[in-house]
Visitor: 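Sharing a structure with you now.
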Amino acid sequence: MATIMAEAETRQKLLRTVKKEVKQIMEEAVTRKFVHEDSSHIVSFCTAVEACVLHGLKRRAAGFLRSNKIAALFMKVGKSFPPAEEFCRKAQELEQLMETKRSQSLQSQDSLRKMPRLPTLNPPGVRNLWIRTALFEKVLDKIVLFLVENSSKYYEKEAILMDPVDGPILASLLVGPCALEYTKMKTADHFWTDPSADELVQRHRIHSGICRQDSPTKRPALCIQKRHSSSSMDERPSPSPSAREYVESLHQNSRATLLFGKNNVLVQPRDDMEAIPGYLSLHQTADIMTLKWTPNQLMNGSVADLDYERSVYWDYAMTINLEEIVYLHCHQQVDSGGTVVLVSQDGIQRPPLRFPRGGHLLQFLSCLENGLLPHGQLDPPLWSQRGKGKVFPKLRKRVALGSGSTESVSDKEEDEATDYVFRIIFPNSQSDFGTPPDLMDAGAALWQPTLRKPSCYSCSQGNFSDGAAHKGCNFERTPLKLLCDNMKYQIISRAFYGWLAYCRHLSTVRTHLSALVNHAIVAPDVPSDASAGLTADVWQTFLKDCTAYKEQELLRLVYFGGVDPSLRKEVWPFLLGHYQFGTSEDDRREVDEQVRASYEQTMSEWLACEEVVREREKELHAAALAKCSSGASVDSSSQRMIHHDSTVSNESHSSHSSDRESLARLQSDSSSSTQQQLLDLYTLNLHRIEKDVQRCDRNYWYFTPANLEKLRNVMCSYIWRHLDIGYVQGMCDLLAPLLVILDDEVKAFSCFSKLMKRMNQNFPHGGAMDTHFANMRSLIQILDCELFELMHQNGDYTHFYFCYRWFLLDFKRELVYDDVFAVWETIWAAKYTSSGHFVLFIALALVEVYRDIILENNMDFTDIIKFFNEMAEHHNIKQILTLARDLVCKVQMLIENK
């Protein structure tokens with residue numbers, strides 16, 4: 001009977017595990033709109049399904065000599081079930097591919113350096129491959145259903161697939177995951193695992209070490225379509241193989257028509273480098289016309305994929321939407337084929353495009369004009385000349401002869417215009433600039449070759465009379481003047497709204513962040529350099545003469561430089577408020593005596609209560625054994641008490657009549673029911689404390705059995721005084737560093753009580769954690785909007801739940817003990833020096849130190865939790881504290897508007 005119940009419980013446990021993993025996958029598919037093939041939920045799901053499929057499997061079904069039982073089972077199924085046959089062939093190919101890559105990577109050290117690490121090919125990993133492949137091929141549910149329908153052939157009678165209820169339920173659970181579409185891994189190879197946090201940090205160091213620093217340039221930045229942009233454009237430079245696809249998109253394809261293409265068009269990407277040749281192409285789709293320029297180095301298909309992807313020339317590639325361009329400034333030079341400068345709607349000029357000789361500039365303009373028709377046009381239009389095709393308008397130069405002079409027009413070839421300004425006009429674009437209707441009607445006469453001069457710039461430089469000829473010039477300049485005026489108004493309007501946004505931004509900073517920092521900015525070098533911290537000389541001077549150093553100066557030294565390790569045992573009681581700065585030695589001795597007397601009284605009370613608890617547990621245990629030996633079941637009262645002693649819930653239990661005799665030993669003036677409630681509460685907390693004390697930093701040298709007993713005593717004494725709050729997991733983590741430094745139960749108890757006045761609100765019974773998350777969101781949104789946008793886009797983890805453990809334990813689990821000491825004393829001093837919420841700025845500094853790694857790897861919520869878990873106890877705490885202090889100063893200066 002017991003065996004049958006155990007088998008049923010095993011089946012239910014396996015089924016519950018699969019249900020949980022299916023729920024996780026389906027929730028991820030709904031919330032994130034996709035499920036990654038390398039998601040941890042997929043790994044857990046495949047492991048759970050594998051355990052169910054292998055449960056109760058007959059030996060002959062798994063193959064006597066096969067180490068991979070899943071592979072053997074699925075291959076047998078494939079012989080009689082056609083949908084599984086094709087899947088088995090693919091799985092075998094993948095296995096062979098993994099073995100080949102593994103052998104190649106082991107033989108070549110160079111490949112190991114260039115490529116991520118392959119997973120260990122142990123038998124469980126290979127079996128997991130079959131389950132994963134069946135899931136991605138959408139046949140896993142069909143195979144399991146086939147096994148359920150033919151379970152007697154493959155399974156023993158106790159197997160989960162033999163159960164008439166659990167078997168079909170398991171098969172139906174797999175239908176949902178098999179219907180999903182799974183995204184590929186981030187790396188090119190499906191079998192490579194994500195790099196560890198340490199490897200990401202090393203990669204970033206190497207990359208940042210060789211990364212160039214672009215010098216400031218006067219020219220506006222190129223319109224670069226970045227590789228990881230969220231743009232909706234299909235053709236964009238991106239990592240290989242998409243980089244190849246981008247180059248292929250420069251030619252004629254089904255998505256876009258190639259209107260013009262010319263190689264060796266020169267562009268100067270930056271002022272500090274020479275112009276480089278590239279391929280200029282003009283593409284037209286149903287919606288837009290796009291101009292692309294790609295450096296010739298990216299057109300070479302012989303470069304290795306890794307080098308090709310990381311090529312610096314991707315930063316110079318341009319993709320320009322012609323709808324954003326208003327003017328084309330064309331310049332003809334004697335020694336080249338001409339230059340085109342594109343001017344966008346906001347007045348910004350794009351880098352000049354220098355064409356080679358041979359009429360390519362005119363050909364480009366002709367193709368552009370043809371592409372604009374019928375929805376748009378060039379103004380002025382190119383002129384058609386019989387036998388030559390389209391040519392530039394015959395614009396004439398104006399020559400200024402002085403005041404009152406007449407305009408002379410030369411018919412010589414050298415007097416013809418060499419510079420042209422073309423405007424791109426789309427329907428109704430004239431109305432945008434407020435052009436009068438009469439000027440629109442005169443559009444044909446506006447650009448007549450005999451009236452049109454090379455440029456109004458030369459006209460504006462001369463002093464002309466108000467003759468009719470000059471009226472023609474003013475007449476043709478009117479649309480341009482109206483356009484310039486309109487652009488001027490737009491610039492002023494944008495400047496105003498920018499100023500208004502800035503004022504609102506500062507208002508937000510002052511309103512929401514002013515309470516996070518002290519308004520007085522404390523300098524690290526005034527009155528003296530504080531980088532050395534609180535040294536032994538300074539401390540001894542202070543103890544001898546309390547007036548030698550003010551309390552604020554000592555706190556400033558601690559904040560900027562920490563406390564000398566040999567002084568922490570003496571200084572920490574001052575920082576935590578056990579002693580007050582400036583008190584005499586006799587005063588401090590009196591404080592110690594008062595705290596010791598109170599501590600001993602508290603210990604005597606909870607020790608008496610603990611004695612009653614132990615005796616009651618012995619009686620309950622003996623009663624339970626007696627009833628079990630007699631064959632009777634344990635009564636409900638005893639069951640509730642046993643469960644009550646072992647549970648970790650916060651529920652209080654009512655008194656039981658079987659305990660009334662033992663409760664008389666508890667000396668108290670309260671009633672019997674109050675005694676029982678008090679006893680129940682303490683029993684509940686006692687078991688929690690004992691569990692956590694035994695697990696607290698077992699590998700640290702200080703925590704011998706004797707010191708663990710001290711830890712238990714201090715914690716029980718604190719909880720006895722705060723039974724209304726009770727013990728919560730994590731409190732031992734906050735007490736342990738204090739006990740390590742002070743090595744004294746009484747002082748540790750007093751300092752821990754002071755510390756918990758702030759930390760209590762971080763635990764679930766307090767409300768400080770939500771406030772921390774909201775403040776983190778405001779801080780990072782204002783100080784690092786780029787990182788905030790990434791967090792918002794990648795599943796929106798701007799709730800900052802990954803910081804929960806940081807705030808709960810003041811970073812104790814993230815750092816080694818020496819670093820914990822440095823961080824804690826800085827937090828305590830910061831309250832009086834810079835900010836009472838310094839933990840927020842340490843958390844922000846932790847994120848900011850690795851911001852480039854987070855951005856480069858496009859991390860989502862799962863990635864960032866995994867990254868910081870792996871980076872625990874590997875942080876550079878000096879760098880983090882320095883950055884945290886800088887961030888506090890930055891917020892202070894924002895508030896002061898400096």
Side-chain angles (χ1 to χ4, degrees), residues 512-513 515-518 559 575-576 692 696-697 722 725-738 751-784 787-788 791 796-817 819-831 834-851 854 861 864-875 877 880-881 883-885 887-888 891:
H512 296 284
L513 301 184
L516 299 182
V517 295
N518 302 343
Y559 176 69
L575 295 177
L576 286 165
D692 265 16
C696 181
D697 297 328
H722 302 84
I725 297 175
Y727 179 80
V728 181
Q729 188 176 17
M731 289 183 177
C732 276
D733 286 281
L734 296 173
L735 174 59
L738 297 176
C751 291
F752 180 70
S753 300
K754 301 289 185 182
L755 176 65
M756 288 303 293
K757 289 181 180 179
R758 173 176 63 90
M759 300 303 297
N760 247 329
Q761 296 303 311
N762 292 336
F763 289 94
H765 53 260
M769 200 61 74
D770 290 337
T771 305
H772 290 329
F773 295 149
N775 288 332
M776 277 291 290
R777 182 185 177 95
S778 298
L779 280 171
I780 203 164
Q781 188 174 12
I782 291 171
L783 299 179
D784 195 342
L787 186 58
F788 179 84
M791 291 179 169
D796 191 9
Y797 54 99
T798 54
H799 45 65
F800 288 96
Y801 291 161
F802 63 90
C803 302
Y804 182 87
R805 190 174 70 180
W806 302 358
F807 297 137
L808 185 70
L809 304 177
D810 269 0
F811 309 96
K812 193 261 181 182
R813 294 278 184 92
E814 317 309 316
L815 309 168
V816 296
Y817 256 92
D819 291 342
V820 171
F821 302 151
V823 167
W824 281 18
E825 60 198 18
T826 306
I827 293 173
W828 302 334
K831 178 180 179 181
S834 64
S835 171
H837 302 269
F838 194 64
V839 289
L840 292 173
F841 295 93
I842 297 178
L844 184 60
L846 268 175
V847 177
E848 286 293 311
V849 162
Y850 304 106
R851 72 176 301 276
I854 295 171
F861 184 56
I864 205 165
I865 288 180
K866 175 178 178 289
F867 177 79
F868 279 111
N869 281 343
E870 293 179 358
M871 284 302 296
E873 301 187 355
H874 292 85
H875 302 293
I877 199 58
I880 291 170
L881 286 177
L883 180 57
R885 289 188 286 262
L887 291 170
V888 171
V891 172

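Note that the coordinates shown come from a computational prediction; the quantities given were computed from them, not determined experimentally.
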Visitor: Might you work through the ring-ring contact (aromatic ring centres under 6.0 Å, His included) test for F821 and Y817, ending with a clear yes or no?
Guide: CA-CA 6 Å; F821 302 151; Y817 256 92; 5.7 Å; yes
Visitor: Any idea how Y850 and H875 line up, ring-wise: parallel (<30°), tilted (30 to 60°), or perpendicular (>60°)?
Guide: tilted
Visitor: Side chains of F811 and V839: closer than 4.5 Å at any heavy-atom pair?
Guide: yes
Visitor: Do you know the tightest heavy-atom contact between A845 and L883?
Guide: O-CD2, 3.7 Å
Visitor: Would you find a donor on one side and an acceptor on the other, under 3.5 Å apart, between the side chain of D784 and the backbone of I780?
Guide: no
Visitor: Could you report the tightest heavy-atom contact between M791 and V847, atom names first, then the distance?
Guide: CE-CG1, 4.0 Å
Visitor: Just do the side chain to side chain contact (heavy atoms under 4.5 Å, CB included) check on N775 and L513 with the steps written out, would you?
Guide: CA-CA 8 Å; N775 288 332; L513 301 184; 5.5 Å; no
Visitor: Hey, does F841 have a side-chain heavy atom less than 4.5 Å from the side chain of V517?
Guide: yes
Visitor: Rounded to the nearest 0.5 Å, how far apart are CG of L576 and CG of L738?
Guide: 6.5 Å
Visitor: If you define the side chain from C-beta out and look only at heavy atoms, does anything of I865 sit under 4.5 Å from Y801?
Guide: no
Visitor: Looking at CG of L840 and OG of S778, how far apart are the two atoms once the value is rounded to the nearest 0.5 Å?
Guide: 10.0 Å
Visitor: Is it the case that over 12 heavy atoms from other parts of the model lie below 6.0 angstrom from the CD atom of Q729?
Guide: no
Visitor: Nearest 0.5 angstrom please: E814 CD to I842 CD1, how far?
Guide: 11.5 Å
Visitor: Is it the case that H799 and Y804 place a side-chain donor and acceptor less than 3.5 Å from each other?
Guide: no
Visitor: Nearest 0.5 Å please: distance from the CG atom of L779 over to the CZ atom of R777.
Guide: 12.5 Å
Visitor: What pair of heavy atoms forms the shortest contact from A822 to L881, and how long is it?
Guide: O-CD1, 4.3 Å
Visitor: Please find the pair of heavy atoms, one from C732 and one from D692, that lie closest to each other, and give the distance.
Guide: SG-CB, 4.1 Å
Visitor: On a heavy-atom basis, which atom in N518 and which in S835 lie closest, and how many Å separate them?
Guide: ND2-N, 3.7 Å
Visitor: Please determine whether side chain to side chain contact (heavy atoms under 4.5 Å, CB included) holds for the pair I877 and L815, giving the CA-CA distance in whole Å, both sets of side-chain angles, and the decisive distance to 0.1 Å.
Guide: CA-CA 8 Å; I877 199 58; L815 309 168; 3.8 Å; yes
Visitor: Any Lys/Arg nitrogen of R813 or D697 sitting under 4.0 Å from an Asp/Glu carboxylate oxygen of the other?
Guide: no
Visitor: Taking all atoms of both residues into account, what is the closest heavy-atom pair of L734 and L755, and its distance?
Guide: O-CD2, 4.1 Å
Visitor: Please round to the nearest 0.5 Å and tell me the distance separating atom CD1 of I864 and atom CG of N869.
Guide: 11.0 Å
Visitor: Looking only at the aromatic ring of each residue, does the gap between the centers of F838 and Y559 stay below 6.0 angstrom?
Guide: yes
Visitor: So how far is it from T826 OG1 to K831 NZ, rounded to the nearest 0.5 Å?
Guide: 15.5 Å
Visitor: Do S834 and R885 make a side-chain contact, defined as non-hydrogen atoms from C-beta onward lying under 4.5 Å apart?
Guide: no
Visitor: Less than 4.5 Å apart, side chain to side chain, heavy atoms only: is that true for M731 and V728?
Guide: yes
Visitor: Can you confirm whether or not the ring centre of W806 sits under 6.0 Å from the ring centre of F868?
Guide: yes
Visitor: Side-chain polar contacts of residues 759-768 - donor-acceptor pairs under 3.5 angstrom, sequence neighbours left out - could you list them?
Guide:
{"residue": "N760", "atom": "OD1", "partner": "H765", "partner atom": "NE2", "Å": "3.3"}
{"residue": "N760", "atom": "ND2", "partner": "Y718", "partner atom": "OH", "Å": "3.0"}
{"residue": "N760", "atom": "ND2", "partner": "M756", "partner atom": "O", "Å": "3.4"}
{"residue": "N762", "atom": "OD1", "partner": "H772", "partner atom": "NE2", "Å": "3.0"}
{"residue": "N762", "atom": "ND2", "partner": "F807", "partner atom": "O", "Å": "3.1"}
{"residue": "H765", "atom": "NE2", "partner": "N760", "partner atom": "O", "Å": "3.1"}

Visitor: Hey, could you give me each pair passing salt bridge (charged side-chain N to carboxylate O under 4.0 Å, His left out) that has a residue in residues 753-771? Not counting sequence neighbours.
Guide: R758-D810
